[in-house]
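These notes concern the structure reproduced below.
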Amino acid sequence: MSDIGDWFRSVPLITRYWFAASIAVPFIGKLGLIDFRNLMLFPELVFSRFQLWRPVTATLYFPITPNTGFLYLVNLYFLYHYSTRLETGAFDGRPADYVFMLLFNWICIVITGLLMDMRLLMIPMIMSVLYVWAQFNKETIVSFWFGTQFKAHYLPWVILVFNFIIGGSFVNELTGNLVGHLYFFLMFKYPLDLGGRCLLSTPDFLYRYFPNTRGGVSGFGVPPTRRPVPQEPAAGGRGGRYNWGQGFRLGGE
């Protein structure tokens, strides 16, 4: 048991709580401590009866049955593996920025779930994080079922196709991929690569609750006036931003 405890304490803080909640909530529903229907997303109950916990529990709950148990474990692995790599890689030392990414993705997924009458949001949320990791690590070679290997850039779409073949549905995966793409485009692609305005940034109040744990300044960068060229990181003052730079490979196996 001490080995499990040591492993659990070694998981990055935000991923640790998300991972633990994604185990606790499904088992609460499985054991009947709370009616599992109270953990799912029903738009009419959210709006008419103000059951505001449902968007949260629907993101953490997944039905555990003989038919869904394997899929649940696979998604737990994806959550642990790719959230840990993001939190200790691209977002290392910047918990506020990582929390903001999760909040942005979650809000977009909840809105989509309410509009599309989706009951469970765990898979879209995990896929949105996996998609962001894949964008940061496009050239990394990953392994999939049956020993197949390809660049990480294709991983979210390979998972989508694979789940469609074995399960006949791809809505959850597609929702997560599109939300992850929206975040990455607004936060990085549009301002840094296309020279557009900075439309998305971490609110200052999150830095008060989740201060940076490494040196440097908050944030990921300001939009350049032209396509980025190698330059020194901005320094000094609150307005300074962290410069990702060109040609810097994030993450990796």
Side-chain angles (χ1 to χ4, degrees), residues 4 8 11-84 86-87 98-133 156 159-183:
I4 297 177
F8 184 72
V11 178
L13 181 65
I14 299 168
T15 301
R16 186 193 316 161
Y17 282 104
W18 183 15
F19 184 80
S22 296
I23 294 176
V25 173
F27 272 91
I28 287 174
K30 175 67 175 178
L31 297 175
L33 301 178
I34 296 178
D35 188 332
F36 72 90
R37 288 169 292 189
N38 289 327
L39 304 173
M40 301 170 71
L41 186 65
F42 292 95
E44 62 277 10
L45 297 179
V46 173
F47 293 117
S48 64
R49 299 189 182 180
F50 302 102
Q51 296 182 358
L52 302 181
W53 69 84
R54 289 184 180 273
V56 177
T57 56
T59 309
L60 301 172
Y61 175 70
F62 196 87
I64 304 175
T65 69
N67 294 329
T68 63
F70 178 72
L71 180 60
Y72 170 65
L73 292 177
V74 168
N75 280 285
L76 272 187
Y77 169 76
F78 285 161
L79 189 165
Y80 164 74
H81 186 73
Y82 294 105
S83 181
T84 295
L86 267 185
E87 191 174 349
Y98 190 56
V99 169
F100 176 67
M101 184 206 73
L102 294 178
L103 286 175
F104 177 85
N105 289 4
W106 175 71
I107 291 171
C108 292
I109 289 169
V110 168
I111 293 173
T112 304
L114 292 172
L115 293 175
M116 297 183 61
D117 203 23
M118 299 168 65
R119 298 288 183 255
L120 303 171
L121 305 179
M122 175 184 281
I123 292 177
M125 187 66 192
I126 294 173
M127 287 299 300
S128 72
V129 171
L130 187 152
Y131 184 95
V132 173
W133 176 86
I159 293 175
L160 183 150
V161 173
F162 182 80
N163 285 348
F164 175 70
I165 292 174
I166 65 174
S169 176
F170 59 87
V171 174
N172 287 325
E173 292 78 9
L174 181 61
T175 300
N177 288 354
L178 293 179
V179 168
H181 179 79
L182 178 63
Y183 169 81

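Along the sequence shown, residues carry numbers from 1.
Looking only at side-chain heavy atoms (C-beta outward), Leu114 and Phe47 come within less than 4.5 Å of each other. The closest side-chain heavy-atom distance from Leu178 to Thr112 is not below 4.5 Å. Arg119 places none of its side-chain heavy atoms less than 4.5 Å from the side chain of Pro63. The shortest side-chain heavy-atom distance between Ile107 and Val110 does not fall under the 4.5 Å cut-off.
Distance alone, capped at 3.5 Å, is enough to place a donor-acceptor pair between the Thr68 side chain and the Thr65 backbone. Using modelled atom types, one side-chain atom of Arg54 and one backbone atom of Met40 make a donor-acceptor pair closer than 3.5 Å. Without hydrogens or angle criteria, Trp18 side chain to Leu60 main chain gives no donor-acceptor distance under 3.5 Å. Listed for the Thr57 side chain is a donor-acceptor partner under 3.5 Å among the backbone atoms of Leu39. The closest donor-acceptor contact from the side chain of Arg16 to the backbone of Val11 lies under 3.5 Å. Side chain of Glu87 to main chain of Thr15: a donor-acceptor pair is present (N/O by atom type, distance under 3.5 Å, no hydrogens or angles).
Smallest separation of non-hydrogen atoms from Ser128 and Val179: CB-CG1, 4.3 Å. Between Leu130 and Pro156, the shortest heavy-atom contact is CD2-CG, 3.7 Å. For the pair Tyr183 and Asn105, the tightest heavy-atom approach, listed with the atom from each and the gap, is CB-OD1, 3.5 Å. For the residue pair Asn75 and Ile126, the shortest heavy atom distance occurs at O-CD1, 3.4 Å. Counting all heavy atoms, side chain and backbone alike, Glu173 lies closest to Ser169 at OE1-O, 3.9 Å. Of all heavy-atom pairs between Pro26 and Ala21, the closest is CD-O, 3.9 Å.
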Report the C-alpha distance between Leu86 and Tyr98 in whole Å, list the side-chain angles of each, state the deciding distance to 0.1 Å, and finish with yes or no for side chain to side chain contact (heavy atoms under 4.5 Å, CB included). CA-CA 8 Å; Leu86 267 185; Tyr98 190 56; 3.8 Å; yes
Please evaluate residues Leu182 and Phe104 with respect to the criterion side chain to side chain contact (heavy atoms under 4.5 Å, CB included), reporting the C-alpha separation (whole Å), side-chain torsions for both, the decisive distance (0.1 Å), and the verdict. CA-CA 10 Å; Leu182 178 63; Phe104 177 85; 3.9 Å; yes
Ile159 and Tyr131: CA distance, side-chain angles, deciding distance, side chain to side chain contact (heavy atoms under 4.5 Å, CB included) verdict: CA-CA 11 Å; Ile159 293 175; Tyr131 184 95; over 6 Å; no
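The structure places CE of Met125 at 9.0 Å from CG of Leu79, a figure rounded to the nearest 0.5 Å. Within the model, atoms CG of Leu41 and CD of Glu44 stand 9.0 Å from one another, a figure rounded to the nearest 0.5 Å. One finds the CD1 atom of Ile14 at 16.0 Å from the CZ atom of Phe19 (value rounded to the nearest 0.5 Å). If you take CD1 on Ile28 and CD1 on Ile23, they are separated by 12.0 Å, rounding to the nearest 0.5 Å. Distance check, rounded to the nearest 0.5 Å: CG of Leu121 to CD1 of Ile109 gives 7.0 Å. Rounding to the nearest 0.5 Å places CE of Met127 at 6.5 Å from CG of Leu160.
Note on ring orientation: taking the six-membered ring where Trp is involved, the planes of Tyr61 and Phe36 are parallel (angle under 30°, cut-offs 30° and 60°). Ring geometry, Tyr77 versus His81: the interplanar angle falls under 30°, so the pair is classed parallel (tilted spans 30 to 60°). Ring pair Phe62/Tyr72 is parallel by interplanar angle, where below 30° counts as parallel and above 60° as perpendicular.
For Phe27, the CZ atom is loosely surrounded, since the number of other residues' heavy atoms within 6.0 Å does not exceed 12.
Between the side chains of Trp106 and Thr59, a donor-acceptor pair is found at a separation under 3.5 Å.
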